[in-house]
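We name chains A, B, ... by the order of the sequence lines, and we start the count at 1 in each one.
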2 protein chains.
Amino acid sequence: MNSQYTIAVHCLIVLAKTPDHVWNSESLSQKVHAHPARIRKIMSSLRKNGLVETKEGLGGGYRMGCDPRACTLARIYQSISCEPLKLSWCATGCAQDPEFDRIRSVMDFAFTGAERGLEEYLDHWSIDSLIKRTEQSVTQEPETMAAGINEQMNAHIKKIGGEG
Amino acid sequence: MNSQYTIAVHCLIVLAKTPDHVWNSESLSQKVHAHPARIRKIMSSLRKNGLVETKEGLGGGYRMGCDPRACTLARIYQSISCEPLKLSWCATGCAQDPEFDRIRSVMDFAFTGAERGLEEYLDHWSIDSLIKRTEQSVTQEPETMAAGINEQMNAHIKKIGGEG
DNA sequence: TAAACTGTATCTATTATAATTACACTAATC
DNA sequence: GATTAGTGTAATTATAATAGATACAGTTTA
Ligand code: FES
Ligand code: FES
């Protein structure tokens with residue numbers, strides 16, 4: 001998972017906490033420790049997905065573009081499209097091998113399911129819930145959430161037929 | 001997901017299909033299109049996790065070290081420890097910021113759950129089930145198989161993209 | 001002892017990622 | 001309408017991650 005994702009989340013937390021303030025790329029970059037041009041690029045992706053509002057010109061900048069309760073880690077994930085589960089195959093020579101094609105199809109199939117499960121899981125976390133959690137200092141074990149998601153994954157397996 | 005993982009899976013499929021044969025790193029490397037030294041390194045990790053048997057010396061090499069039905073994508077994932085969901089943070093300056101520490105804790109918490117869910121999902125796929133699936137696709141027309149998978153993938157995409 | 005292997009470290013090449021620079025375009029204000 | 005402060009985005013450079021290549025110590029068989 002590249003840092004674009006964590007920076008995007010960090011920025012959205014900052015924006016959600018200050019709904020009335022317009023941040024420019026310079027001030028945001030200081031807040032989240034990344035280069036202003038990089039902030040602009042990331043914010044631009046988030047704008048295209050309706051997560052932030054951007055405004056050009058004098059006095060312009062960034063502000064929250066959606067309800068923090070609806071701004072889930074899944075939507076951010078889709079906006080950034082970092083594809084951490086994308087399979088990478090060896091550099092050369094795979095194309096000619098028909099056996100390899102079949103292996104790749106099946107693996108891609110399995111990991112499409114994995115990706116979908118991940119997105120469903122991430123959909124349970126919103127910027128709002130993250131902020132609330134940072135405000136409570138006590139942490140609870142992740143078991144509960146993992147258990148809930150396991151049900152969904154089992155449903156998915158059943159639907160697409162993981163085991164034979 | 002780096003290619004170590006796909007190479008490991010590929011090798012295990014080869015080994016599982018030929019339980020009586022001992023492959024050396026040279027012959028395996030030709031089969032899966034990677035450098036022999038890399039194969040040795042990957043096989044070494046798999047041996048440490050009991051997935052393959054390795055033998056040094058003359059006539060040595062690699063063979064399957066477990067039941068292909070028990071050799072799940074999760075166990076391979078754990079052996080390779082590629083950590084695709086590991087969060088990466090911006091390079092500099094995060095350490096001093098106490099607010100950042102809390103954000104990182106919560107994000108780590110969320111993604112620990114994601115990782116567990118992923119491993120539980122991957123535990124439903126075994127080398128044996130992958131092989132069976134590749135054999136199904138042989139008996140079927142390859143285009144039908146490809147179309148079927150595409151349908152599944154499109155259904156996933158539709159569901160995911162539909163909210164936007 | 002020689003041959004054929006794995007195991008592993010190290011160096012180099014390649015690729016992916018991030019930082020930086022640059023500049024066209026936009027909008028507010030004087 | 002000119003100036004100023006901002007985004008959007010491409011191009012370049014620097015850095016980090018990954019993969020390939022080489023080398024050689026250790027192991028087993030013959
Ligand atoms: S942490 Fe969000 S950026 Fe340093
Ligand atoms: S390695 Fe080329 S594909 Fe398994």
* **Closest-nucleotide 5' rank along DNA chain C - winner of A:Ala37 and B:Gly59** => B:Gly59

* **A:Leu58 side-chain proximity, nearest of C:dA28, D:dT7, C:dG7** => C:dA28

* A:Gly57 near the nucleic acid: base, sugar-phosphate alone, or nothing, with a heavy-atom cut-off under 4.0 Å? -> base

* Report the distance from atom CZ of A:Arg63 to atom C1' of D:dG6, rounded to the nearest whole Å. => 14 Å

* Minimum-distance nucleotide (side-chain atoms of B:Ser44 versus C:dG7, C:dT29, D:dT7) -> C:dG7

* Counting side-chain heavy atoms from CB outward, which of D:dT18, C:dT8, D:dA21 is closest to B:His35? -> D:dA21

* Asked: Among C:dT6, D:dT9, D:dA19, which is the nearest nucleotide to the side chain of B:Asn2?
  -> D:dA19

* For B:Arg38, report the nucleic acid contact type (base, sugar-phosphate, nothing); a contact means any heavy atom under 4.0 Å. => sugar-phosphate

* Asked: Can a donor-acceptor pair be found between the side chains of B:Ser105 and B:Asp108 at a distance below 3.5 Å?
  -> no

* Asked: Which one, D:dG26, D:dA19, D:dA23, comes nearest to the side chain of B:Gln4?
  -> D:dA19

* Side chain of B:Glu56 (C-beta onward), nearest among D:dG26, C:dA27, D:dT7 -> D:dG26

* Structure fact -> Looking only at D:dT28, D:dT4, C:dG7, the nucleotide nearest the B:Lys55 side chain is D:dT28

* If only side-chain N and O atoms of A:Arg47 are considered, is one of them under 4.0 Å from the OP1 or OP2 phosphate oxygen of D:dT7? -> no

* Please tell me which of the listed nucleotides, D:dT9, D:dG8, C:dA18, lies nearest to the side chain of A:Lys48? => D:dT9

